[in-house]
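Let me begin by presenting the structure, written as structure tokens, before commenting on it.
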Amino acid sequence: MADSIMSKAATMEIPINSNGDTGTLPEDDSLEQAAQIQWSLDEKDLQQVMVSGPNLNETSIVSGGYGGPAGGIIPTSSIKGSMHHSASNSALAAEEVSRGVAVEKLDSVKKWGINTYKCTKQMFSERFGRGSRTVDLELEAQIDVLRDTKNKYENILRLATALTSHFHNMVQTQQALGDTFADLSQKSPELQDEFGYNAETQKLLCKNGEALLGAVSFFVSSINTLVNKTMEDTLMTIKHYENARLEFDAYRSDLEELSLGPRDAATMVRIDVAQHDYQVHRDKYERLRSDVTIKLKFLEENKVKVMHKQLLLFHNAISAYFAGNQQQLEQTLIQFNVKLKPPGSDKPSWLEEQ
């Protein structure tokens with residue numbers, strides 16, 4: 001405003017009289033007063049901004065640059081309104097998602113509760129002789145044989161582990177005894193030969209004992225894998241199969257009870273739902289029964305193969321050791337690909353001891 005007034009004042013014609021003096025223009029006073037009024041207004045606005053700060057609620061954004069048309073001015077209040085609207089939409093969307101997750105969890109808990117109730121009811125009915133259960137006689141016999149076999153193999157594993165521990169202690173004792181004989185052979189000239197013979201014998205027994213210990217340790221490791229991994233995996237599948245069998249019988253009993261009742265509209269809806277649940281659990285039961293049958297077959301084949309190899313190794317190694325046949329013992333280890341640990345590998349390192 002002030003710039004436009006000053007520009008106007010600068011471009012006005014100044015008349016000159018005959019004496020060369022400028023004449024008094026009637027517009028000079030009005031221009032000067034207008035400039036003073038505008039300066040005072042600008043000074044007041046500046047003081048107000050410095051004291052109270054800018055009013056962001058009334059701030060406008062000029063989109064067309066300085067001096068642009070009024071249509072280019074965008075009030076910030078409209079931008080704030082749109083931002084608040086988008087934020088509220090995001091909050092509503094997040095609330096709907098969390099609500100959906102909560103409803104899904106609630107449905108899951110509800111289904112779990114119903115399933116647990118039905119299975120518990122079926123279990124007590126079978127235990128007290130009031131309910132019927134589905135039985136596969138051939139499969140149940142194979143499962144019983146597997147459980148009995150696992151118990152016996154666990155006993156073999158326990159005894160073989162004890163044998164390994166005792167034999168390891170014996171080998172360590174023979175090694176210490178051989179070192180003692182060798183030391184006395186150097187310090188007792190009158191018994192040097194006798195102590196020397198015994199020292200060599202104990203060292204040879206210790207060497208053969210380490211070979212036998214490697215064979216027995218390999219036997220224990222293989223039995224442990226067979227019992228605690230292969231058999232355990234099959235028994236875990238059997239456990240899932242037994243749970244599926246219990247669920248199948250529970251939903252089968254529920255469907256039979258509904259089928260014996262009245263056939264009104266509400267009951268027919270419940271029968272349809274029960275029929276669907278019965279079919280789902282029947283498919284699950286049959287699938288797991290097939291898995292158990294296949295795993296039992298492969299387990300039996302694997303057990304025969306593993307035990308044939310391990311029992312032959314155990315027999316040949318024990319026979320060669322107690323017969324004093326060092327060459328046969330070494331050939332047995334090579335035949336069954338048994339690698340002996342280097343001496344002192346079981347001892348902790350210096351850093352581990354610290």
Side-chain angles (χ1 to χ4, degrees), residues 136 138-176 205-243 288-289 291-326 328-349 352:
D136 188 333
E138 182 180 359
L139 187 59
E140 293 291 338
Q142 293 178 4
I143 292 175
D144 292 339
V145 170
L146 173 59
R147 289 195 171 114
D148 183 63
T149 303
K150 184 174 183 292
N151 292 332
K152 293 179 179 179
Y153 276 46
E154 285 177 345
N155 189 36
I156 293 176
L157 179 61
R158 181 178 59 82
L159 295 174
T161 303
L163 175 63
T164 304
S165 177
H166 298 326
F167 198 78
H168 175 75
N169 293 331
M170 188 185 74
V171 170
Q172 295 297 319
T173 303
Q174 288 175 339
Q175 183 176 3
L205 290 175
C206 183
K207 181 180 178 180
N208 293 340
E210 289 178 352
L212 179 61
L213 190 62
V216 176
S217 297
F218 186 75
F219 174 82
V220 170
S221 176
S222 300
I223 299 299
N224 180 65
T225 301
L226 178 64
V227 173
N228 293 323
K229 290 186 178 180
T230 309
M231 290 185 178
E232 189 64 31
D233 178 72
T234 304
L235 287 174
M236 184 61 65
T237 305
I238 291 173
K239 182 179 180 181
H240 294 328
Y241 157 75
E242 291 175 345
N243 292 335
L288 286 172
R289 181 176 62 178
D291 293 343
V292 169
T293 303
I294 294 173
K295 283 197 172 185
L296 285 174
K297 179 181 178 181
F298 284 127
L299 175 61
E300 183 65 23
E301 295 176 356
N302 187 36
K303 183 194 71 174
V304 172
K305 185 186 300 184
V306 170
M307 292 306 298
H308 174 76
K309 177 181 178 180
Q310 296 304 319
L311 291 174
L312 188 60
L313 166 66
F314 190 82
H315 173 268
N316 292 347
I318 292 289
S319 300
Y321 173 79
F322 285 101
N325 193 342
Q326 181 182 1
Q328 181 64 33
L329 181 59
E330 292 176 353
Q331 290 179 356
T332 301
L333 298 181
I334 296 174
Q335 177 185 357
F336 292 95
N337 196 22
V338 178
K339 296 181 180 180
L340 298 180
K341 295 181 180 180
S345 61
D346 294 335
K347 297 181 180 179
S349 63
E352 293 175 344

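When a residue number appears, it is its place in the shown sequence, counting from 1.
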Problem - Nearest non-hydrogen partners of Ala320 and Gln328, listed with the distance - result: CB-CG, 3.8 Å
Practice task
Identify, with sequence neighbours excluded, every residue that meets salt bridge (charged side-chain N to carboxylate O under 4.0 Å, His left out) alongside Arg158.
Solution key: none
Handout entry: Ring geometry between Phe314 and Phe219 (parallel below 30°, tilted from 30 to 60°, perpendicular above 60°)
Key = tilted
Exercise for the section: Provide the closest heavy-atom pair for Leu333 versus Ala215 in the form atom of the first, atom of the second, distance. Expected result: CD2-CB, 3.8 Å
Practice task
Calculate, to the nearest 0.5 Å, the distance between atoms CD and CG belonging to Gln174 and Leu205 respectively.
Solution key: 5.0 Å
Practice task
Just jot down the side-chain contact (heavy atoms from CB on, under 4.5 Å) partners of His315, sequence neighbours excluded, or say none.
Solution key: Ser319
Fill in the blank from the handout: Taken in chain and number order and not counting sequence neighbours, the residues that satisfy salt bridge (charged side-chain N to carboxylate O under 4.0 Å, His left out) with Asp148 are Lys152
Exercise for the section: Determine whether Asn228 and Leu157 make a side-chain contact, defined as any pair of heavy atoms from C-beta on separated by less than 4.5 Å. Expected result: yes
Practice task
Evaluate the side-chain proximity of Asn224 to Lys229: yes if any heavy-atom separation is below 4.5 Å, no if none is.
Solution key: no
Enumerate, atom names and distances included, each donor-acceptor pair closer than 3.5 Å involving a side-chain atom of residues 294-302, sequence neighbours excluded.
from: Lys295; atom 1: NZ; to: Asp233; atom 2: OD2; distance (Å): 2.9
from: Lys295; atom 1: NZ; to: Thr237; atom 2: OG1; distance (Å): 2.9
from: Glu300; atom 1: OE1; to: Lys303; atom 2: NZ; distance (Å): 3.3
from: Glu300; atom 1: OE2; to: Lys303; atom 2: NZ; distance (Å): 3.4

Exercise for the section: Answer yes or no: is there a donor N or O on one side and an acceptor on the other, between the side chain of Ser165 and the main chain of Thr161, under 3.5 Å? Expected result: no
Problem - Criterion side-chain contact (heavy atoms from CB on, under 4.5 Å) against Ile238, the qualifying member of Leu139, Asn243, Ile143 - result: Ile143
Problem - Minimum-distance pair of heavy atoms, taken over all atoms of Gln326 and Asn208 - result: CG-OD1, 3.3 Å
Exercise for the section: Would you check if Thr149 and Met231 make a side-chain contact, meaning some heavy-atom pair closer than 4.5 Å? Expected result: yes
Handout entry: Results of side-chain contact (heavy atoms from CB on, under 4.5 Å) for Ser222 - residues two or more places apart only
Key = Phe218, Gln310
Handout entry: Set of residues satisfying salt bridge (charged side-chain N to carboxylate O under 4.0 Å, His left out) with respect to Glu232, sequence neighbours excluded
Key = Lys150
Handout entry: Considering all heavy atoms, the nearest Gln175-Cys206 contact
Key = CB-SG, 3.7 Å
Exercise for the section: Determine yes or no for a side-chain-to-main-chain donor-acceptor pair under 3.5 angstrom, with Asn155 supplying the side chain and Asn151 the backbone. Expected result: no
Handout entry: Short side-chain to backbone donor-acceptor contact, Thr173 and Asn169, under 3.5 Å
Key = yes
Handout entry: Residue pair Leu313 / Thr332: nearest heavy atoms and the distance that separates them
Key = CD1-CG2, 3.9 Å
Problem - Intermediate values then yes/no, side chain to side chain contact (heavy atoms under 4.5 Å, CB included), Ile223 and Met307 - result: CA-CA 8 Å; Ile223 299 299; Met307 292 306 298; 3.2 Å; yes
Problem - Heavy-atom side-chain contact between Leu212 and Phe167 under 4.5 Å - result: yes
Handout entry: Min side-chain heavy-atom separation Glu242-Leu288 under 4.5 Å
Key = no
Practice task
Please report the shortest heavy-atom distance between Ala317 and Leu329, naming the atom on each side.
Solution key: O-CD1, 3.7 Å
